[in-house]
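Everything on this sheet refers to the single structure shown next.
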Number of protein chains: 2
Amino acid sequence: MLTEEIIEKKIEPDCDCSITGSINIISGKWKPFIIWTLLSGSRRFGELHKVIHGIALKVLSRHLKELEADGIINRKVYAEVPPKVEYTLTEKGMSLNDVLQLLAEWDKKHKVTK
Amino acid sequence: MLTEEIIEKKIEPDCDCSITGSINIISGKWKPFIIWTLLSGSRRFGELHKVIHGIALKVLSRHLKELEADGIINRKVYAEVPPKVEYTLTEKGMSLNDVLQLLAEWDKKHKVTK
DNA sequence: CAGGATCCAAGACGATACTG
DNA sequence: CAGTATCGTCTTGGATCCTG
């Protein structure tokens, strides 16, 4: 029955397993690193590009946009020449700290990371 | 300073941000649901297919294989006709409960899930 | 400097048909 | 029943060149 409803609404049930939102936010090859990096303070685009080595410009750019759209980070543009843009975590973004922390602990505990 | 070092090592720092392992395990469009479902007891392939409505056979099959490879679930085959296969969470799999729980809480708190 | 535009490759997801 | 095989589509990540 409940199953039927789900079929009708064709949805991920609204039981406590609604995790999709949070997972979507942090999954993306580099997103956790971006967030983690910003936890220690705001950074400029170029800084992120250097710190998170290996990430393609385009990908960094898109990830930042998505994180901004998700309300995780703020983007401040300084009207200067040359241009300067700073990315900062929002409150919501900061709150991801616990989540990332737990994931990291679980990782370490189970030696998942190679 | 810390930043400089990270730049030098140009790595996903081996700091506590090593989250990739745990994220890889639970990310996959339906994996959280599979795990969540199995938290209430073992299920057969067909049962999972019905409960987790909308998932393609192929995808369910692959997800199960991956979860098994990751040591999250066990696959028991009963030598019967017709065939019967049961999937059960391992200890490691059970331990993901806390993680999923936190993700769900964060989700709810920030009304991320639409 | 901060990105947008393009083009590509790989993989993830999906639907249907078929088999031991 | 429990999948595999096949084929197609969409999304992600990546490399390079270009611009306000």
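Proteins come first, then strands; the chains are lettered A, B, ... in the order of their sequence lines, and each starts at number 1.
A 4.5 Å side-chain heavy-atom check between B:Ile72 and B:Leu38 finds every atom pair outside the cut-off.
When the shell of 6.0 Å around CD of B:Glu80 is examined, it contains more than 12 heavy atoms from other residues, nucleotides or ligands.
Here the C1' atom of nucleotide D:dT12 and the CD atom of A:Glu66 are 9 Å apart, to the nearest Å. Whole-Å rounding puts the B:Lys65 NZ to D:dA5 C1' distance at 11 Å. The CD1 atom of A:Ile34 sits 14 Å away from the P atom of D:dT12 (whole-angstrom rounding). With rounding to whole Å, B:Ile73 atom CD1 is found 14 Å from D:dA2 atom P.
When DNA chain C is scanned 5' to 3' for any atom under 4.0 Å from a heavy atom of chain B, the first and last hits are C:dA12 to C:dG20.
Taking B:Glu66 as the reference, B:Lys31, B:Arg62 meet the salt bridge (Lys or Arg N to Asp or Glu O under 4.0 Å) condition, with sequence neighbours excluded.
For B:Arg75, taking side-chain heavy atoms from C-beta onward, the closest of the listed nucleotides D:dT12, D:dC1, D:dG3 is D:dG3. Of the listed nucleotides (D:dT4, D:dA15, D:dC1), D:dT4 has the atom at the smallest distance from the side chain of B:Leu57.
Two residues, A:Pro83 and A:Arg62, neighbour DNA chain D, and the one matched to the more 5' nucleotide by heavy-atom proximity is A:Arg62.
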Check your understanding: Hey, mind stepping through B:Ile73 and B:Ile35 against side chain to side chain contact (heavy atoms under 4.5 Å, CB included) and telling me if it holds?
Key -> CA-CA 8 Å; B:Ile73 62 177; B:Ile35 298 171; 5.8 Å; no
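Contact check, A:His63 against D:dT12: no side-chain N or O comes under 4.0 Å of OP1 or OP2.
Using a 4.0 Å heavy-atom distance criterion, B:Tyr87 is classed as a sugar-phosphate-only contact. Within 4.0 Å of A:Lys31, counting heavy atoms only, lies no atom of the nucleic acid at all.
When each of A:Arg75, A:Arg43, A:Arg44 is checked for a side chain to side chain donor-acceptor pair (under 3.5 Å) with A:Tyr87, only A:Arg75 meets the rule.
A donor-acceptor distance shorter than 3.5 angstrom exists from the side chain of B:Thr90 to the backbone of B:Gly71, with no hydrogens or angles considered.
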